[in-house]
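These notes are about the structure you will find just below.
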Amino acid sequence: MTTASPSLAPTGRSTPLAVTVSSWAVPVMVLGQFAMLAIVPVAIAMVGALRNGRDRAVRWAAALLTISYAVPLVIWLTRPDGAPSLSKDMHPGFVALIVAASAVLIGSILRARRH
């Protein structure tokens with residue numbers, strides 16, 4: 001009877017899986033009107049890219065996503081007459097910016113994986 005030992009060869013993934021999944025979850029959550037809950041994948045993407053990401057473009061793209069999400073969040077928190085939820089208060093331009101920043105992060109992750 002033979003046993004197979006797990007391969008210790010690198011998988012070729014320079015970016016952690018959590019960052020990849022989070023980068024896909026952010027636009028889905030923001031477009032699905034769960035913008036306040038999207039803070040979790042935004043934080044995971046940023047921390048994961050800074051701690052484990054070897055590619056500078058992935059780190060910059062994660063920072064861009066974090067900033068593009070933080071601006072409407074801060075506006076919503078500081079405005080006294082804001083809507084009861086972040087999704088209802090967020091300008092469609094910010095939604096488009098967050099989705100575009102997430103697309104940039106996804107593209108950076110895919111580019112880093114190829115190289």
Side-chain angles (χ1 to χ4, degrees):
M1 183 165 152
T2 62
T3 58
S5 63
S7 174
L8 298 177
T11 60
R13 177 175 288 146
S14 64
T15 307
L17 181 61
V19 175
T20 305
V21 171
S22 294
S23 66
W24 284 95
V26 171
V28 170
M29 293 178 92
V30 170
L31 290 172
Q33 298 293 311
F34 293 103
M36 190 61 192
L37 292 177
I39 196 167
V40 175
V42 168
I44 290 170
M46 187 65 202
V47 171
L50 288 178
R51 291 192 71 197
N52 300 324
R54 296 182 192 116
D55 191 11
R56 181 178 291 170
V58 173
R59 291 192 304 257
W60 279 103
L64 176 68
L65 175 63
T66 303
I67 291 168
S68 66
Y69 179 81
V71 170
L73 178 65
V74 169
I75 291 171
W76 177 67
L77 290 173
T78 58
R79 198 158 72 177
D81 62 341
S85 74
L86 178 60
S87 297
K88 292 184 185 347
D89 196 48
M90 193 181 300
H91 188 275
F94 282 123
V95 173
L97 182 64
I98 292 169
V99 171
S102 188
V104 169
L105 179 57
I106 292 167
S108 297
I109 290 169
L110 292 175
R111 186 194 58 78
R113 190 174 294 161
R114 280 191 228 140
H115 290 107

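Computed from a prediction, not measured in an experiment: that's the story for all the values here.
- F34 shares a hydrophobic cluster with M29, L37; the chain of contacts runs through ILVMFWY side chains whose heavy atoms sit under 4.5 Å apart.
- A search for side-chain contact (heavy atoms from CB on, under 4.5 Å) contacts involving I67 returns V71, not counting sequence neighbours.
- Shortest non-hydrogen contact noted between P16 and G48 is CG-O, 4.0 Å.
- In this view, W60 and R56 satisfy the side-chain contact (heavy atoms from CB on, under 4.5 Å) rule, not counting sequence neighbours.
- The hydrophobic side chain of V47 is isolated, with no ILVMFWY side chain under 4.5 Å apart from it.
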If you look only at distance, which donor and acceptor atoms sit under 3.5 Å apart when one is on a side chain in residues 95-109 and the other is two or more places apart or in another chain?
from: S102; atom 1: OG; to: S23; atom 2: O; distance (Å): 2.5
from: S108; atom 1: OG; to: V104; atom 2: O; distance (Å): 2.9

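- The salt bridge (Lys or Arg N to Asp or Glu O under 4.0 Å) analysis of residues 22-49, with sequence neighbours excluded, yields no pairs.
- Shown here for A49 and R59, the closest heavy-atom pair between the two residues is O-CG, 3.2 Å.
- Sorted by first and then second residue, the salt bridge (Lys or Arg N to Asp or Glu O under 4.0 Å) pairs with a member in residues 62-77 form an empty list; sequence neighbours excluded.
- The side chain to side chain donor-acceptor pair (under 3.5 Å) analysis of residues 86-95, with sequence neighbours excluded, yields the pairs R79-D89.
- With sequence neighbours excluded, the residues satisfying side-chain contact (heavy atoms from CB on, under 4.5 Å) with L73 are M36, I39, Y69, W76, L77, L86.
- The heavy-atom pair separating S22 from I44 by the smallest distance is OG-CG2, 3.2 Å.
- Cluster annotation: V42 and V40 are assigned to the same hydrophobic cluster (Ile/Leu/Val/Met/Phe/Trp/Tyr, side-chain heavy-atom contacts under 4.5 Å, transitive).
- Evaluation of the salt bridge (Lys or Arg N to Asp or Glu O under 4.0 Å) test over residues 33-48, restricted to residues two or more places apart or in two chains, returns none.
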